[in-house]
Peer 1: 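This is the structure I have questions about; it appears just below.
Read the numbers this way: they start at 1 and go in the same order the structure lists the ligands and their atoms.
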Amino acid sequence: MKTTFPKQGSPRPESTGAEVLEIAQISPAVEDVLAATPFIDIHTHLFAPSFGKLGLWGIDELVTYHYLEAEFFRSSHTQPEQYFALPKTHQADAIWRALFVENTPISESTRGVVAVLKAFGLSTDRSDLSEARAFFQAQSLDAHIRRVFDMAGISAVVMTNDPLDPEEAPAWLNGIPEHPQFRAVLRLDRILKHWAANWQVLAAQGYKVDAQASGKSAAEVQRFLFDWYERMRPMYMAVSLPDTFFYPAETLGNHLLAEAVLPSCRELDLPLSLMIGVRLQANPALRLAGDAVGRADLRSLENLCRTFPSNRFLVSVLSRENQHELCVYARKFSNLMPFGCWWFMNNPSIVEEITRERIEMLGASFIPQHSDARVLEQVIYKWSNTRRTVAPILSNAYRLLAEDGRGVTRGDIQRDVTRLFRSNAETWMNLNGH
Ligand code: FIX
Ligand code: ZN
C-alpha cells in the first residue's frame with residue numbers, strides 16, 4: 001500500500017519546445033496545447049454502450065437536461081407536474097419553444113445546446129427539433145461516441161456507478177465488458193447517506209448487516225466493497241455530501257465512513273471522492289432539478305485529512321463560499337486533491353475565479369475541471385467552455401512569470417497542461433495510459 005503521495009513535476013523538457021516564447025507567443029501556444037492535449041474527464045454520469053438505456057444521448061436528452069428544466073420553469077407557465085406527465089419528446093418541444101424560440105438562449109446551459117448543434121453542422125435557430133432529431137436518430141452509437149470524444153478533446157471519462165441502483169446493479173452482476181474509454185467509480189450515497197432504506201439490499205445479498213450498522217456490519221460492508229471492486233475495478237470511491245455534513249460526529253454514516261469505506265480505500269489504494277455542499281431536493285417538485293447548494297463547514301476536511309493521513313481525498317465543493325477554504329486546506333494536506341468546478345460552480349465567470357485562485361495558491365497541483373455530463377454530447381460544449389475559460393488564465397500566469405524574470409517555453413506549457421488535465425488524475429487514480 002502506497003503511503004507517500006505521488007510527487008508530480010518533471011525536469012524542464014530538453015526536447016522540442018525549449019525555446020523561450022515572446023510574450024505575444026504565449027497565448028497562441030497555450031491555446032494550441034490545450035486544444036491538442038486530450039483530457040481525462042474524472043466525473044460524469046455517462047455510461048458505456050453496454051449499459052444500454054442508462055446511457056443518455058441525443059437532442060431530446062440534451063434539451064431536457066435538469067439544468068434546462070430548472071430554467072424552463074422560470075420562463076413557462078407549465079407546472080412541474082404537468083411537465084413531468086408529458087412524454088420525453090413533448091418535454092423537449094416545450095423547453096425548446098420556451099428557452100430557444102420565445103427567449104434568447106444566453107444562459108450557460110442553453111448556449112451549450114446551441115454549441116452542440118453547431119458542432120454537428122445543424123441549424124441552431126429552428127422553431128422545432130425535427131432536423132436535430134433526424135440527425136441523432138441516424139447515428140450509430142459506438143461511432144458516435146468516438147466522434148464525440150474526439151470533438152470534446154477527451155480520451156476517457158469516469159462514470160458514476162451505484163452498486164445498489166436497481167437498474168444498474170443487474171448489469172454488473174451479469175458481467176459488463178470493460179470499455180477503454182469508460183472507467184467505473186463506486187458511488188456510495190445509498191450506503192453512507194441512506195442506510196435505513198438500503199441495508200436490507202445488502203442483507204438480501206448475504207452480507208450480515210443490520211439497521212444500526214452494528215456488530216459485524218462495518219466488516220461486512222468492507223466485504224461488499226471488495227466484491228464490487230472486483231466487478232468494477234473502480235478508479236475511486238465517491239459520495240456527495242450535504243452542506244450539513246460534519247466529521248467527526250456520532251452518525252451512522254460517519255461510522256461506516258471511518259470503519260468500512262476509508263479502510264477499504266487504503267487497502268485497495270483508491271482515493272475517496274467527497275463532493276460536499278448539496279441541499280438535496282430543496283424543491284422536490286422539480287425532481288433532479290430540485291437540488292440546491294449550501295455552504296459547508298470544511299473543518300470536516302481538516303479532520304479527515306489529519307485523522308486519515310494514508311487516505312487520498314478527491315474533493316469538490318458546491319458552494320462558492322467554500323472554494324477559498326478548499327484551496328487553503330489543499331496547501332496544508334498533500335492527501336487532498338481539489339477537483340472541478342462542480343454543478344452550480346460550472347459557469348465561466350465562476351470557473352475563471354476559482355481557477356485563477358487555484359493556480360495562484362496551488363500551481364498545477366489540482367484538477368481544474370470535470371464535465372458532470374449526464375448526456376453524451378454535453379462533453380463537447382463543457383470541455384470547449386473549459387478550454388476557452390482556462391486559456392487566458394494560464395496565459396496570464398505565464399505572462400506574469402515572464403515579466404517577473406523567467407522565460408516560458410512551450411515545453412513548460414505542455415508539462416503543466418498535461419499535469420492539470422491528465423497526470424494529476426492518472427497518478428491519483430492509478431489510471432496510467434488512458
Ligand atoms: O452528485 C452528483 O454527482 C451531482 O453531480 C449530480 O447529482 C447532479 O444532479 C448533477 O448532474 C450536477 O451536475
Ligand atoms: Zn455528478
Peer 1: Using modelled atom types only, decide if a donor and an acceptor are shared between the side chain of S76 and the backbone of T78 within a distance under 3.5 Å.
Peer 2: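 Confirmed, S76 side chain pairs with T78 backbone.
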
Peer 1: Could you see which bit of R187 sits under 4.0 Å from ligand 1, with heavy atoms only: side chain, backbone, both or neither?
Peer 2: side chain

Peer 1: Please report which non-hydrogen protein atom sits nearest to atom 13 (O) of ligand 1, along with the residue it belongs to and the distance in Å to one decimal place.
Peer 2: Y67 OH, 2.5 Å

Peer 1: If you consider just the N/O/S atoms, which atom of H43 is the closest one to the Zn ion (ligand 2)?
Peer 2: NE2

Peer 1: Within the 4.0 Å heavy-atom shell around S240, which atoms of ligand 1 are there?
Peer 2: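 By the 4.0 Å cutoff, the relevant atoms are 1 (O).
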
Peer 1: Test the R387-F39 pair against the cation-pi criterion, namely NZ or CZ under 6.0 angstrom from the six-membered ring centroid and within 45° of the ring axis.
Peer 2: yes

Peer 1: So does K208 have more than 12 non-hydrogen atoms from other groups sitting under 6.0 Å from NZ?
Peer 2: no

Peer 1: Mind checking whether H179 and F182 have parallel, tilted or perpendicular rings, split at 30° and 60°?
Peer 2: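 Answer is perpendicular, since the angle exceeds 60°.
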
Peer 1: Does one side chain, of S349 or N347, offer a donor that lies under 3.5 Å from an acceptor on the other?
Peer 2: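 Looking only at side-chain atoms, N347 and S349 do not form any donor-acceptor pair under 3.5 Å.
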
Peer 1: Does any N, O or S atom of H370, backbone or side chain, fall under 2.8 Å from the Zn ion (ligand 2)?
Peer 2: no

Peer 1: Specify which N/O/S atom of D372 comes nearest to the Zn ion (ligand 2), by atom name.
Peer 2: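 Looking at D372, the N, O or S atom with the least distance to the Zn ion (ligand 2) is OD1.
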
Peer 1: Under a plain distance cut-off of 3.5 Å, with no hydrogens placed, do H43 and D372 share a side-chain donor-acceptor pair?
Peer 2: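 Side-chain D/A pair, D372 to H43: present.
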
Peer 1: Does any N or O atom in W342 lie less than 3.5 angstrom from one in ligand 1, N or O only?
Peer 2: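 Yes.
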
Peer 1: For residues F73 and Y83, establish whether the separation of their ring centroids is below 6.0 Å.
Peer 2: yes

Peer 1: If you measure every N or O of H66 against every N or O of ligand 1, does any of those distances drop under 3.5 Å?
Peer 2: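 So ligand 1 has an N or O lying under 3.5 Å from an N or O of H66.
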
Peer 1: My understanding is that we take every heavy atom of each candidate and find the minimum distance to atom 7 (O) of ligand 1. Doing that for M275, R374, H43, which one comes out nearest?
Peer 2: R374

